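See structure below.
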Amino acid sequence: MARRKIVAGNWKMNMTPSEAVKLAEELKPLVQSDSVDVVYCVPAIDIIPVVEAVKGTNVAVGAENMYFEEKGAFTGEISAAMLKDAGVQYVILGHSERRDYFKEDDALLNKKVKKAFEAGLTPILCCGESLEQREMGVTMDWIRFQIKSDLVGVSADQVASMVIAYEPIWAIGTGKTATTEQAQEVCKGIRDCIAEIYDDATAASVRIQYGGSVNAGNAAELFAQSDIDGGLVGGASLKPDFGKIVNYQ
Ligand code: PGA
């Protein structure tokens, strides 16, 4: 069965709650699609108003992060159960900005992935190499390490239902998109890695996005690749262009 494309916006630390509602209203007619899953991953404080704003549409809401503990004395953190109760369906985990600026490592991310599944959320697990790693020729080794360690103890059924986002760090927010060949090669490498750890059916089912300077001009070519099942979109998700990315065909 063909995998359904999934295009997710990563709003990052942009949009106050009132701006978020305005953007959701503005995008509403533009992101309609019967064939593509559409997700807005929004700042925690925007979740409740955005869930309300997209009610009755084809848009699902995601969070940009969460903590793995159930509840308690973790000042400033948000639990998976809180997200679920607020109407969240997806959660980005392991974005390179979290790994880099907030020192999130793979052991922590593994706990977060497991907790997300436990709470009924779908993780969008991010991985990707730095420019230095690409130039050293260790891209696939690095990504295989990330995927393998982030998925320890995660079942085949869970992996089959999740989303993995390949985001080369050097392509994020830089306007430098990976070439279609580079993006396809790594996304295929990730699928092969899943087939090795699990099985072919799981690998055929997991959805793998490309992220890093996706825009209205390059989405169609990227998403046409056999192992690229959509995109995780930063900058362009805050503009009407996001509708063109969703409706790339
Ligand atoms: P970008 O960000 O589209 O602005 O490059 C992508 C991301 O960080 O998810």
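In this text the structure is predicted, and so the values were computed from the model without any measurement. Atoms within a ligand are numbered from 1 in the order they appear, just like the ligands themselves.
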Audit row: K244, D241, salt bridge (Lys or Arg N to Asp or Glu O under 4.0 Å) steps and yes/no: CA-CA 5 Å; K244 295 194 189 131; D241 262 14; 3.5 Å; yes
Would you say G234 has any N or O atom under 3.5 Å from an N or O of ligand 1, going by distance alone? yes
Close-contact set for ligand 1 against H95 heavy atoms, below 4.0 Å: 7 (C), 8 (O), 9 (O)
Under 4.0 angstrom from ligand 1, any heavy atom of A171? yes
Any atoms of ligand 1 less than 4.0 Å from a non-hydrogen atom of K12? List them with their elements. 2 (O), 7 (C), 8 (O)
Among protein heavy atoms, which lies nearest atom 4 (O) of ligand 1, and at what distance? G235 N, 2.9 Å
Please determine whether residues I143 and V163 belong to a single hydrophobic cluster, defined as Ile, Leu, Val, Met, Phe, Trp and Tyr linked transitively by side-chain heavy-atom distances below 4.5 Å. no
I want to know if ligand 1 touches G212 in the polar sense, i.e. an N/O pair below 3.5 angstrom. no
Distance from L109 atom CG to F68 atom CZ, nearest 0.5 Å? 10.5 Å
Do ligand 1 and I172 have nitrogen or oxygen atoms that lie under 3.5 Å from each other? no
Apply side-chain contact (heavy atoms from CB on, under 4.5 Å) to residues V214 and Q209 and explain how you reach the verdict. CA-CA 11 Å; V214 173; Q209 297 173 316; over 6 Å; no
Of all the non-hydrogen atoms in the protein, which one sits nearest to atom 7 (C) of ligand 1, and at what distance? E167 OE2, 3.1 Å
Atoms of ligand 1 less than 4.0 Å from G173 heavy atoms? 1 (P), 4 (O), 5 (O)
Cluster overlap I92 with L238, hydrophobic side-chain contacts below 4.5 Å: no
When every non-hydrogen atom of G120 is compared with those of K84, the smallest separation belongs to O-NZ, 3.2 Å
Side-chain heavy atoms of Y248 within contact of V36, under 4.5 Å: yes
Consider ligand 1: state whether an atom of it lies below 4.0 angstrom from any non-hydrogen atom of S213. yes
